[in-house]
Amino acid sequence: MQIEIPHEAVVKYMERRKTDVENCRTALQSGNLSVLETVGHQLKGNGITFGFPEISTIGEALEIAAKERNTQAATEQVDALASIVEKNALLH
Amino acid sequence: MNQFTHVDATKLVLPRHGRILIVEDDKDLAEVLADKFAFEGAYVEIANDPYEALNQLSEHHFDLVIMDWQLPDMTGGETLKQADRNAMIDPLASEQWTMKKTPVVILSAHKARECRTNKNSTYRVVSYVSKRQPFANILKNLKDIFSMSLAPKLVRAV
């Protein structure tokens, strides 16, 4: 039997990712990279779980970029996350 | 007066359903896991930070603790260490009434070797489950561990 995550949980997951994008952009403006590190770490863990392996990949890269204080790389990852969130908003 | 008058009923184990504490700051994962276990009859509590976890652990006995490693302010290992200290100084802590350590499974995106814990009198890390896998695999692993944790417990005679 395939155990799936309920559709409502996936919708809620994407809504929280939208909030993550907003929080990350705010954090980038203020230079608070610890926020991005935390978000990246969470995405690294939960992307695959919720059926979005690309989000896990972004999360890992975001975490590394934040640790290295590479704001350009971090911005790219946040933009990539925003694209995925927008794409999924259209689907749901 | 009978032998049970001093026992706090809220700290008794309910073996039929089992009681789980999910310590996880990722609310998406915590909620979906809680829903799945609750659907199967378990009593589930969620703690989104170590302080809430410590409160829960001092107030209730759990058949299984699912512990994230990277939490706000302290790691899962540090949380367990503090919970152990708390249990040692509280004579009415629920863990004092069982002869068996509470099993803990570490659920983390970190590698297993990064999630080592020290010796603990009250909690025993029985397994590590990686978050970086499909939900079905995570849930199956956790359910298997939970089933094993629901063995009958010895209660100290009074």
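Here is the naming used below: chain letters follow the sequence lines, and residue numbers restart at 1 for every chain. Note: hydrogens, waters and symmetry copies are ignored here, and every other heavy atom, side chains too, is used.
With sequence neighbours excluded, no residue forms a ring-ring contact (aromatic ring centres under 6.0 Å, His included) with Tyr128(B). Annotation: side-chain contact (heavy atoms from CB on, under 4.5 Å) contacts of Ser56(A) (sequence neighbours excluded): Ile48(A).
For Asp25(B), the parts lying near chain A are the backbone and the side chain together; criterion is any non-hydrogen pair under 4.5 Å. Residue Glu60(A) touches chain B through its side chain alone, counting heavy-atom pairs closer than 4.5 Å. With a threshold of 4.5 angstrom between heavy atoms, Ile138(B) approaches chain A through side-chain atoms but not through N, CA, C or O.
Taking the six-membered ring where the residue is Trp, Phe37(B) and Phe146(B) present perpendicular rings, their angle passing 60° and hence far from 30°.
Between chain A and the options Leu29(B), Val32(B), Asp26(B), heavy-atom pairs under 4.5 Å are most frequent for Asp26(B).
When only modelled atom types and interatomic distance are considered, Asp84(B) and Thr122(B) share a side-chain donor-acceptor pair under 3.5 Å.
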